[in-house]
Amino acid sequence: MKIIWLGHSGFRIEIGGEVLLVDPWLDGNPMFPEDRRDEAIAGTTHIFLTHGHGDHAAGALEIAEDTGAPIGCIHEMATRWDAVGFGKGGTLQVGDVSVTMVNATHSSSLDFDGMDVAGSEAGFMIRGEGRTIYVSGDTDIMADMSWFGEYHAPDIGILCCGGHYTMDQKAAAWAAKKYFDFKVVIPCHYKTFPLLAQDAEILKAELGGIVHEPEILVPIEL
């Protein structure tokens with residue numbers, strides 16, 4: 001398995017023979033090198049979007065067109081696009097990999113295509129190769145995380161932690177210790193803008209060696 005950061009909350013996840021792009025905001029992302037777009041999207045089999053905000057979903061239609069990969073997202077957003085809609089608690093089977101949509105607490109709108117409704121925000125549980133990845137999406141701490149940890153039992157957490165728009169690092173670390181038994185934690189939704197945390201030092205201080213701070217397009221191999 002390879003988890004590859006595309007900057008902000010975007011990831012390329014190579015798992016179970018599939019290549020999943022999650023929230024692949026590339027064009028206009030100040031962290032992403034424009035000349036490496038082809039490398040980032042090569043071989044994509046599926047695209048998943050946690051919500052409609054431009055720093056997550058902008059450019060997804062173009063990537064889908066370029067790669068032929070279908071987009072999976074919440075039903076209301078899917079009806080606006082030629083996408084595969086599903087809902088919280090629903091699961092899409094992608095070859096030997098399953099992707100279950102779970103709750104998040106944030107907001108969602110197509111704010112890069114004229115402000116419009118885009119269903120509600122979500123996260124994902126991605127299962128494959130005997131591992132489960134929790135992609136938090138944009139969220140604060142939720143009581144739902146308690147049963148996420150017990151029922152889905154993810155061992156890898158991709159957690160937003162930049163603060164201001166989402167939970168900050170102390171909150172993310174508290175949730176990780178309170179609700180989950182992660183073996184690996186990968187921070188996201190940070191560094192991109194001045195309002196957000198610019199490093200993961202607090203998260204690392206709280207959680208220790210399980211934190212893998214990502215670098216752009218450098219695989220974390222698990």
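Remark: side-chain polar atoms of Q169 are paired, donor with acceptor, to backbone N or O of D199 under 3.5 angstrom. Checked by atom type and distance alone, the side chain of T44 never pairs as donor or acceptor with a backbone atom of V19 at under 3.5 Å. Using a distance-only test at 3.5 Å, with no hydrogens or angles considered, a donor-acceptor pair links the side chain of Q93 to the main chain of V97. In terms of modelled atom types and a separation under 3.5 Å, the side chain of E121 and the main chain of H106 share a donor-acceptor contact. Between the side chain of T91 and the backbone N or O of S98 there is no donor-acceptor pair closer than 3.5 Å. Between the side chain of Q198 and the backbone N or O of L196 there is at least one donor-acceptor pair closer than 3.5 Å. With hydrogens and angles ignored, the 3.5 Å screen pairs a side-chain donor or acceptor of T79 with a backbone N or O of E76.
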Next item on the list: Any chance you could lay out the side chain to side chain contact (heavy atoms under 4.5 Å, CB included) test for V184 and D155, step after step, and finish with the verdict?
Entry: CA-CA 7 Å; V184 174; D155 58 311; over 6 Å; no
Next item on the list: Go through I63 and I47 one step at a time and tell me if the side chain to side chain contact (heavy atoms under 4.5 Å, CB included) criterion holds.
Entry: CA-CA 9 Å; I63 295 173; I47 301 163; 3.8 Å; yes
Next item on the list: Show the numbers, then the answer: is there a side chain to side chain contact (heavy atoms under 4.5 Å, CB included) between D27 and E34?
Entry: CA-CA 7 Å; D27 298 338; E34 293 182 7; 5.8 Å; no
Checklist line | Stepwise side chain to side chain contact (heavy atoms under 4.5 Å, CB included) check, N29 with L6 | finding: CA-CA 9 Å; N29 181 340; L6 305 177; 5.8 Å; no
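Within 6.0 Å of CD in E201 there are more than 12 heavy atoms belonging to other residues, nucleotides or ligands. The environment of NZ in K170 is sparse: at most 12 heavy-atom neighbours from other residues, nucleotides or ligands sit within 6.0 Å. Other residues, nucleotides and ligands contribute more than 12 heavy atoms inside 6.0 Å of the CD atom of E129.
Put simply, the residue from V99, I158, D23, L20 that forms a side-chain contact (heavy atoms from CB on, under 4.5 Å) with V135 is I158.
In terms of hydrophobic clustering, with Ile, Leu, Val, Met, Phe, Trp and Tyr side chains grouped at heavy-atom distances under 4.5 Å, W5 and L207 are assigned to different clusters. Residues M1 and M125 do not share a hydrophobic cluster, defined by chaining ILVMFWY side chains whose heavy atoms lie under 4.5 Å apart. If you chain together hydrophobic residues whose side chains sit under 4.5 Å apart, L21 and M101 fall into the same group. Placement of I186 and V218 in two distinct hydrophobic clusters is found when ILVMFWY residues are connected by side-chain heavy-atom separations under 4.5 Å, directly or transitively. Under the 4.5 Å side-chain heavy-atom criterion for grouping Ile, Leu, Val, Met, Phe, Trp and Tyr, M31 is not connected to Y165 through any hydrophobic cluster.
Between H8 and D55, the side chains place a donor N or O and an acceptor N or O closer than 3.5 Å (distance only, hydrogens not considered).
Here OH of Y190 is found 12.5 Å from CD1 of I202. Values are rounded to the nearest 0.5 Å. Summarising the geometry, atom CD1 belonging to I71 is positioned 10.5 Å from atom CD belonging to E65; distances are rounded to the nearest 0.5 Å. Here the straight-line distance linking atom OH of Y179 with atom CH2 of W174 works out to 4.0 Å at 0.5 Å rounding. In this structure, CD1 in I41 is found 9.0 Å from CZ in R12, a value given to the nearest 0.5 Å. Atom-to-atom distance recorded for I15:CD1 and D96:CG is 10.0 Å, nearest 0.5 angstrom. Rounding to the nearest 0.5 Å places OG1 of T132 at 9.0 Å from NE2 of H152.
Between L159 and A176, the shortest heavy-atom contact is CD1-CB, 4.3 Å. Considering all non-hydrogen atoms of both residues, L217 and P33 come closest at CD1-CG, 4.3 Å. Minimum heavy-atom separation, C161 to P187: SG-CB, 3.5 Å. The shortest heavy-atom contact between C160 and A172 is O-CB, 3.8 Å. Between R127 and T100, the shortest heavy-atom contact is NH1-OG1, 3.5 Å.
In this structure, the side chains of S9 and T50 stay at 4.5 Å or more apart for every pair of heavy atoms. For the pair T192/W25, a side-chain contact is recorded, criterion being any heavy-atom separation below 4.5 Å from C-beta on. At least one side-chain heavy atom of L49 sits less than 4.5 Å from a side-chain heavy atom of W81. No side-chain heavy atom of H189 sits less than 4.5 Å from a side-chain heavy atom of S136.
In this structure, E62 does not pair ionically with R37, as no charged nitrogen and carboxylate oxygen lie closer than 4.0 Å.
Ring geometry, H46 versus F48: the interplanar angle falls under 30°, so the pair is classed parallel (tilted spans 30 to 60°). In this structure, F86 and F124 have parallel ring planes: the angle between them is below the 30° cut-off, well short of the 60° mark. By the 30° and 60° cut-offs, the orientation of the rings of F180 relative to F182 is parallel. Ring pair H56/H51 is tilted by interplanar angle, where 30° to 60° counts as tilted.
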